[in-house]
Amino acid sequence: MSDADRGAVSARAAGRLVPLYSEEEIRRRVASLAAAIRADVGGAEPVLVGILKGAFVFLADLIRALDMPLRVDFVRVASYGERAESAGRVAITKDVELDLAEQDVVVVEDILDSGLTARVLLDHLAHRHPRSLRLCALVDKRERRRVAVEADYVGFVLDRGFIVGYGIDYAERYRHLAAIYTLEGAV
Ligand code: IMP
Ligand code: MG
């Protein structure tokens, strides 16, 4: 645990942060996800589409682990309110700006939970006629899946728990933590 994370852990009274994935574990998983993506796209220059805000830290590490010519874009999805889980309504509030036609697109998500966000986005982006369209999720929470969607690349599979850190928030907090924690008691 970094000093910054240790400080945050001891400073929080609202909930208890329990270490789940360390910086080193995350680094290893990101490296192997990058290797798998690189092998699949071959010589092509992929477009990585990060889902704001939760994926921004993961995407930043993933593109550097990929270490190959690529382009980056972002979408922003609102699932209404500062809530611990998707409300079931998903709206795209910021669309991609690059032309995805004939591109190899990898959607990068922090957490695949109900699957609603990913389903809506994948269907939306498919209309841009990419050559390929894949989904990369840092954490796959399969337990609460409500719509049929499978990630092509998964960093971690999580059975239960609400997590924060490494870009992932609870009510916009904890994104700065270098590792990933289970937030207990506040959710
Ligand atoms: P879903 O797959 O549409 O249900 O939504 C996934 C999104 O819900 C993620 O991108 C997160 O923003 C949020 N989310 C789901 N589970 C968690 C969690 O454990 N911690 C923080 N955010 C979460
Ligand atoms: Mg969120």
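Read the numbers this way: they start at 1 and go in the same order the structure lists the ligands and their atoms. Keep in mind that the numbers below use all heavy atoms, side chains included, and drop hydrogens, waters and symmetry copies.
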Kindly compute the distance separating CG (Leu125) from CG (Asp95), expressed to the nearest 0.5 Å.
->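 If we round to the nearest 0.5 Å, Leu125:CG and Asp95:CG are 7.5 Å apart.
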Is Glu25 salt-bridged to Arg29, cutoff N-O under 4.0 Å?
-> no
Within a distance under 4.0 Å of any heavy atom of Leu116, pick out the atoms of ligand 1 and give their elements.
-> 2 (O), 3 (O)
Shortest non-hydrogen pair, Ile37 vs Cys136, comes out as CD1-SG, 4.2 Å
Going by atom types alone, do Arg128 and Gln103 pair a side-chain donor with an acceptor below 3.5 Å?
-> no
Residues Asp110 and Tyr166: side-chain donor-acceptor under 3.5 angstrom =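 Not at all, the side chains of Asp110 and Tyr166 share no donor-acceptor pair under 3.5 Å.
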Which option, Thr117, Leu121, Asp113, owns the non-hydrogen atom nearest atom 3 (O) of ligand 1?
-> Thr117
Non-hydrogen atom of Gly54 closer than 4.0 Å to ligand 1 | no
Answer yes or no for Asp169: is there a heavy-atom contact with ligand 1 below 4.0 Å?
-> yes
For ligand 1, the portion of Lys141 having any non-hydrogen atom under 4.0 Å away |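 The answer is the side chain of Lys141.
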Region of Ile111 engaging ligand 1 - heavy atom pairs below 4.0 Å = both
Does Phe162 reach ligand 1 with a nitrogen or oxygen that is under 3.5 Å from one of the ligand's nitrogen or oxygen atoms?
->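 Phe162 vs ligand 1: no N/O contact under 3.5 Å.
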Test of proximity, Ile163 against ligand 1: N or O pairs below 3.5 Å | yes
Determine, using ring centers only, whether Tyr21 and Phe156 are less than 6.0 Å apart.
-> yes
